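Contents: one structure, followed by commentary.
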Amino acid sequence: MRSVTKQWVERADYDLETAKFLFKGGRYLYVAFMCQQCIEKTLKAYITSKEKSPPLIHNLLRLAEESDLMRSMTDGQRLLLADLNPFYIKTRYGEYKDELSKICTAVSAKDMLAKTQEFVKWLKPKIK
């Protein structure tokens, strides 16, 4: 595995562990943010494993398109990426943060975390 790819994988793993820790502490909004970060970095790891530079974007659906994974993804995986996209930017702004906090319950955060883990489990074997 290329050094740059390994770094993306390690960062993604760290973010996933952080999401689990935050879930235990009841910080559900930030669970969603860390899930978004984990998937973003896993997608970028995949892109770098193909000896390409990842684009400087954070949109998970666009990253999946750039990586040529979109066609092999399930509808559920695409929906997960779409659901997590708002948590990258909008968690940083007060008015959006309040709105997102209302929808990030223990149930939704647990679901996002489980689906993120499934996505990473699906993608990681494709990273060489």
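Side chains are part of it too, since the values below use all heavy atoms of this structure and drop only hydrogens, waters and symmetry mates. Because the structure is predicted, anything quoted here is derived from the model rather than measured.
With rounding to the nearest 0.5 Å, the separation of CG in L16 from SG in C38 is 4.5 Å. Separation of atoms CE (M1) and OG (S49) is listed at 7.5 Å; rounding is to 0.5 Å. Atoms CZ and CD, from F119 and Q77 in turn, are 5.5 Å apart once rounded to the nearest 0.5 Å. The OG1 atom of T5 sits 10.5 Å away from atom CD1 of I47, with the distance rounded to the nearest 0.5 Å. With values rounded to the nearest 0.5 angstrom, Q117 atom CD is found 8.0 Å from C35 atom SG. With rounding to the nearest 0.5 angstrom, the CE atom of M34 is 12.0 Å from the CD1 atom of I39.
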Before giving the answer on side chain to side chain contact (heavy atoms under 4.5 Å, CB included), spell out for T116 and L84 the whole-Å C-alpha distance, their side-chain angles and the decisive distance to 0.1 Å. CA-CA 10 Å; T116 297; L84 288 176; 3.9 Å; yes
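In this structure, L61 and N85 have side chains that are in contact, with non-hydrogen atoms separated by less than 4.5 Å. In this structure the side chain of L63 reaches within 4.5 angstrom of the side chain of P55, judged on heavy atoms. T105 has its side chain within reach of S108: a pair of non-hydrogen atoms, C-beta onward, lies under 4.5 Å apart. In this structure, Q37 and F87 have side chains that are not in contact, with every pair of non-hydrogen atoms separated by 4.5 Å or more. Side-chain contact between Y88 and L60: absent, with no pair of heavy atoms (C-beta onward) separated by less than 4.5 Å. Using a 4.5 Å heavy-atom threshold, the side chains of L79 and T74 count as separate.
Between A19 and L113 the shortest heavy-atom distance is CB-CD1, 3.8 Å. Closest approach of S67 and A64 over heavy atoms only: OG-O, 2.8 Å.
Screening residues 5-24 for ring-ring contact (aromatic ring centres under 6.0 Å, His included), with sequence neighbours left out, gives F23-Y28. Sorted by first and then second residue, the pairs that involve residues 34-51 and meet salt bridge (Lys or Arg N to Asp or Glu O under 4.0 Å), not counting sequence neighbours, are D15-K41, E40-K44. Pairs engaging residues 119-128 under the side-chain hydrogen bond (donor to acceptor under 3.5 Å, both in side chains) rule: D13-K124 [sequence neighbours left out].
A search for salt bridge (Lys or Arg N to Asp or Glu O under 4.0 Å) contacts involving E17 returns K20, not counting sequence neighbours. Looking at residues two or more places apart in sequence or on another chain, you find no side chain to side chain donor-acceptor pair (under 3.5 Å) involving D68. Under the side chain to side chain contact (heavy atoms under 4.5 Å, CB included) criterion, E65 pairs with R62, M70, not counting sequence neighbours.
Residues L29 and M112 are members of one and the same hydrophobic cluster, defined by side-chain heavy-atom contacts under 4.5 angstrom among Ile, Leu, Val, Met, Phe, Trp and Tyr.
Between the side chain of Q36 and the main chain of H58, a donor-acceptor pair closer than 3.5 Å is present. In terms of modelled atom types and a separation under 3.5 Å, the side chain of S53 and the main chain of T48 share no donor-acceptor contact.
Within a 6.0 Å radius of CZ in R27, no more than 12 heavy atoms belonging to other residues, nucleotides or ligands are found.
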